[in-house]
*Asks:* 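Before I ask anything, here is the structure I am working with.
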Amino acid sequence: MQKRKIGRSGLEAAPLCLGGNVFGWTIDQAKSFQVLDAFVAAGLDFIDTADVYSRWAPGNTGGESETIIGNWFKATGKRDKVILATKVGMDMGDGKVGLKKSYILRAVEDSLKRLQTDRIDLYQSHKDEDPGTPQEETLEAYDLLVKQGKVRAIGASNFSAERLSQALKISAEKGLARYDCLQPHYNLVERAGF
């Protein structure tokens with residue numbers, strides 16, 4: 001399988017990413033395991049999820065997708081076969097929301113526990129809607145996580161070009177970890193903005 005570089009991160013992944021938002025929402029753990037097994041068996045290796053998946057489903061609290069992926073890692077031993085991406089920042093309830101340094105440092109521990117791994121390959125700001133938190137503070141949190149080895153690279157999701165450009169400038173000026181990719185809200189169903 002031909003791989004593609006993820007920005008300047010040093011990470012390389014197959015060009016097709018499996019979105020994990022359906023795990024624990026529209027498919028249960030057993031079906032999720034079948035999908036994950038088939039995905040890796042086909043030579044693909046890039047899995048994307050988020051801490052908030054699938055909080056919106058009745059009876060769910062968030063973290064269901066990460067938990068299923070973590071259970072799959074434990075059951076199959078295939079953690080090293082994939083590039084794992086997850087996101088932080090959406091409302092998890094009980095005040096757990098945003099991109100403040102203190103929250104990111106707490107949220108990453110929750111994600112690592114659910115995912116049953118010691119590292120996240122690509123940790124992404126889920127959306128840029130935390131006006132009370134300076135981008136420098138967010139980037140300082142990510143920089144610390146990269147230095148600790150808990151995160152290999154960082155990315156932005158749903159950022160405007162202007163805000164992403166500002167973040168890259170801050171990273172360059174302060175010597176902080178930089179966003180290596182942008183994940184816009186674009187798919188077969190949602191294309192109007194593009």
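For clarity, every value in this text was computed on a predicted model and none was experimentally measured.
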*Asks:* If I take atom CD from residue Glu136 and atom NZ from residue Lys174, how far apart are they, to the nearest 0.5 angstrom?
*Replies:* 4.5 Å
*Asks:* Can we say Asp110 and Lys96 salt-bridge, meaning some charged N sits less than 4.0 Å from an Asp/Glu carboxylate O?
*Replies:*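 No, no charged N to carboxylate O under 4.0 Å.
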*Asks:* Under 3.5 Å, side chain of Asn21 to main-chain N/O of Tyr53, donor-acceptor pair present?
*Replies:* no
*Asks:* Looking only at heavy atoms, what is the nearest atom pair of Phe33 and Asn71, with distance?
*Replies:*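 Looking at all heavy atoms of both residues, the closest pair is CZ-C, 3.6 Å.
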*Asks:* Do you know which two heavy atoms are closest between Gly89 and Asp51, and how far apart they sit?
*Replies:* N-OD2, 4.3 Å
*Asks:* Quick one, Val82 with Leu18, criterion side-chain contact (heavy atoms from CB on, under 4.5 Å). Give me CA distance, side-chain angles, the key distance, then yes/no.
*Replies:* CA-CA 11 Å; Val82 301; Leu18 176 63; over 6 Å; no
*Asks:* Verify side-chain hydrogen bond (donor to acceptor under 3.5 Å, both in side chains) between Asn158 and Gln183, making sure each step is shown before the conclusion.
*Replies:* CA-CA 6 Å; Asn158 302 309; Gln183 183 184 65; 6.0 Å; no
*Asks:* Quick one: closest heavy-atom pair of Leu84 and Phe73, and the distance?
*Replies:* CD2-CE1, 3.9 Å
*Asks:* Could you check whether any side-chain N or O of Gln116 sits under 3.5 Å from a backbone N or O of Lys74, counting only pairs where one atom can act as donor and the other as acceptor?
*Replies:*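 Side chain of Gln116 to backbone of Lys74, a donor-acceptor pair under 3.5 Å: no, none is there.
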*Asks:* Can Gln124 and Thr86 be counted as having a side-chain donor-acceptor contact under 3.5 angstrom?
*Replies:*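 Side-chain D/A pair, Gln124 to Thr86: absent.
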*Asks:* Between atom CZ of Arg79 and atom CG of Leu115, what is the distance when rounded to the nearest 0.5 Å?
*Replies:*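 These two atoms lie 8.0 Å from each other.
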*Asks:* Before you tell me yes or no, could you show the steps for Arg114 and Thr67 under side-chain hydrogen bond (donor to acceptor under 3.5 Å, both in side chains), namely the whole-Å CA-CA distance, both residues' side-chain angles and the distance that decides it to 0.1 Å?
*Replies:* CA-CA 5 Å; Arg114 285 188 295 263; Thr67 298; 4.8 Å; no
*Asks:* Please give me the minimum heavy-atom distance between Phe39 and Cys17, naming the atom from each residue.
*Replies:* CZ-C, 4.2 Å
*Asks:* Start with the C-alpha distance between Ile47 and Ile83, add both sets of side-chain angles, then the distance that settles side-chain contact (heavy atoms from CB on, under 4.5 Å), and finish with yes or no.
*Replies:* CA-CA 6 Å; Ile47 300 171; Ile83 299 295; over 6 Å; no
*Asks:* Working to the nearest 0.5 angstrom, can you tell me the gap between Leu44 CG and Leu36 CG?
*Replies:*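 Reported value, rounded in 0.5 Å steps: 11.5 Å.
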*Asks:* Can a donor-acceptor pair be found between the side chains of Glu66 and Thr49 at a distance below 3.5 Å?
*Replies:*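 Side-chain D/A pair, Glu66 to Thr49: absent.
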*Asks:* Keeping Asp28 on the side-chain end and Ala30 on the backbone end, is there a donor-acceptor pair under 3.5 Å?
*Replies:* yes
*Asks:* Going only through I, L, V, M, F, W and Y residues with side-chain contacts under 4.5 Å, is there a path from Met90 to Val97?
*Replies:* no
*Asks:* Supply the atom-to-atom distance Phe159 CZ to Leu182 CG, rounded to the nearest 0.5 angstrom.
*Replies:*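 Result: 8.5 Å between the selected atoms.
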*Asks:* I'd like to know if the side chain of Asn60 reaches the main chain of Gly24, judged simply by a donor and an acceptor atom lying under 3.5 Å from each other, with no hydrogens or angles considered.
*Replies:* yes
*Asks:* Please determine whether the number of non-hydrogen atoms from other residues, nucleotides or ligands lying under 6.0 Å from atom NZ of Lys5 exceeds 12.
*Replies:*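 12 or below, so no.
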*Asks:* Any heavy-atom pair between the side chains of Ser32 and Val35 that's under 4.5 Å?
*Replies:* no
*Asks:* Can you list, pair by pair, the side-chain donor-acceptor contacts under 3.5 Å of residues 139-149, counting residues two or more places apart and other chains?
*Replies:*
residue: Tyr142; atom: OH; partner: Ser125; partner atom: N; Å: 3.4
residue: Tyr142; atom: OH; partner: Ser125; partner atom: OG; Å: 2.8
residue: Asp143; atom: OD1; partner: Ala177; partner atom: N; Å: 2.9
residue: Asp143; atom: OD2; partner: Lys147; partner atom: NZ; Å: 2.8

*Asks:* Do other residues, nucleotides or ligands put more than 12 heavy atoms under 6.0 Å from the NZ atom of Lys81?
*Replies:* no
*Asks:* Is Tyr179 reachable from Leu176 through a run of I, L, V, M, F, W or Y residues, each pair having side-chain heavy atoms under 4.5 Å apart?
*Replies:* yes
*Asks:* Checking Ser54 side chain against Trp56 main chain: does a donor-acceptor pair fall under 3.5 Å?
*Replies:*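 No; judged by distance alone, with no hydrogens or angles, the pair does not exist.
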*Asks:* Backbone N or O of Arg163 within a donor-acceptor pair of the Gln135 side chain at under 3.5 Å?
*Replies:* yes
*Asks:* What's the shortest heavy-atom distance between Ile120 and Ser111, and which atoms?
*Replies:* CD1-CB, 4.2 Å
*Asks:* Could you go through Met92 and Tyr103, starting from their C-alpha distance and side-chain angles, then the distance that decides it, and tell me whether this counts as side-chain contact (heavy atoms from CB on, under 4.5 Å)?
*Replies:* CA-CA 11 Å; Met92 292 284 288; Tyr103 178 63; 3.7 Å; yes
*Asks:* Determine whether Leu112 and Lys150 make a side-chain contact, defined as any pair of heavy atoms from C-beta on separated by less than 4.5 Å.
*Replies:* yes
*Asks:* Would you confirm whether Glu64, through its side chain, and Thr61, through its main-chain N or O, come within 3.5 Å as a donor-acceptor pair?
*Replies:* yes
*Asks:* Are Val151 and Leu168 joined in one hydrophobic group, where the rule is that I, L, V, M, F, W and Y side chains link up if heavy atoms are under 4.5 Å apart?
*Replies:* yes
*Asks:* Thinking salt bridges, do Arg152 and Asp121 make one under a 4.0 Å N-O criterion?
*Replies:* yes
*Asks:* side-chain contact (heavy atoms from CB on, under 4.5 Å) for Arg4 and Glu12? Distances and angles first, verdict last.
*Replies:* CA-CA 5 Å; Arg4 296 202 179 142; Glu12 292 186 358; over 6 Å; no
*Asks:* Side chain of Ser9, backbone of Asp180: donor and acceptor closer than 3.5 Å?
*Replies:* no
*Asks:* Linking I/L/V/M/F/W/Y whenever any side-chain heavy atoms sit under 4.5 Å apart, do Leu122 and Ile104 land together?
*Replies:*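 No.
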*Asks:* Would you find a donor on one side and an acceptor on the other, under 3.5 Å apart, between the side chain of Thr76 and the backbone of Trp72?
*Replies:*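 It does hold such a pair.
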*Asks:* Side-chain heavy atoms nearer than 4.5 Å, only ILVMFWY residues, links allowed to pass through others: does that put Phe46 and Val40 together?
*Replies:* no
*Asks:* Can we say Asp80 and Arg119 salt-bridge, meaning some charged N sits less than 4.0 Å from an Asp/Glu carboxylate O?
*Replies:*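 Yes, charged N to carboxylate O under 4.0 Å.
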*Asks:* Mind listing the closest non-hydrogen atom pair of Lys78 and Asp37 along with its distance?
*Replies:* NZ-OD1, 3.6 Å
*Asks:* Measuring from atom OG of Ser157 to atom NE2 of His126, what distance do you get when rounded to the nearest 0.5 angstrom?
*Replies:* 5.0 Å
*Asks:* Is there a donor-acceptor pair under 3.5 Å between the side chain of Thr133 and the backbone N or O of Leu99?
*Replies:*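 Not confirmed, Thr133 side chain does not pair with Leu99 backbone.
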